[in-house]
Amino acid sequence: MAGELSRRSAMLSSVAPKLRAKKAARVVDLLLADDCVSPARAAKTAGLSDRAAPAAVRSARALGAVRELSGRANFRLYGL
C-alpha cells in the first residue's frame with residue numbers, strides 16, 4: 001500500500017504544472033496532505049473560486065493523478 005501511495009503522490013507532483021488554476025499548487029498540497037478532499041474544501045483552503053477548484057481536481061483526475069473515492073454523483077471526495 002505504501003508503494004502505491006508513493007507512486008500516486010509522485011504522479012500528482014509530476015502533473016501539478018499541467019493544472020491551469022492559478023493556485024493549483026495549494027490544491028496539490030492539500031491532496032498530498034489529506035486522505036480525501038472535497039472540491040468545496042479545496043476551494044476554501046486554496047482561495048479558489050467555486051468553479052476553479054472542482055475544475056482543478058477534475059483535471060488532476062483526468063491526468064490520472066487522483067481518483068474519486070466516494071462513488072457518489074454529488075459531494076464527491078477525491079484522493080490519492
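When the options V66, L31, L69 are evaluated for a side-chain contact (heavy atoms from CB on, under 4.5 Å) with C36, the one that passes is L69.
The list of side chain to side chain donor-acceptor pair (under 3.5 Å) pairs with a residue in residues 36-51, not counting sequence neighbours, reads D34-R41. Applying the salt bridge (charged side-chain N to carboxylate O under 4.0 Å, His left out) test to residues at least two apart or on different chains, none of the pairs has a partner in residues 54-80. Screening residues 4-14 for salt bridge (charged side-chain N to carboxylate O under 4.0 Å, His left out), with sequence neighbours left out, gives E4-R7, E4-R8.
With values rounded to the nearest 0.5 angstrom, L12 atom CG is found 12.0 Å from L5 atom CG.
Listed by chain and residue number, nothing satisfies the salt bridge (Lys or Arg N to Asp or Glu O under 4.0 Å) test with D29 (two or more places apart in sequence, or in another chain). Checked against side chain to side chain contact (heavy atoms under 4.5 Å, CB included), A42 has the following partners two or more places apart in sequence or in another chain: V27, L30, V37, A53.
Through side-chain heavy atoms spaced under 4.5 Å, either directly or across other Ile, Leu, Val, Met, Phe, Trp or Tyr residues, F75 is tied to L77.
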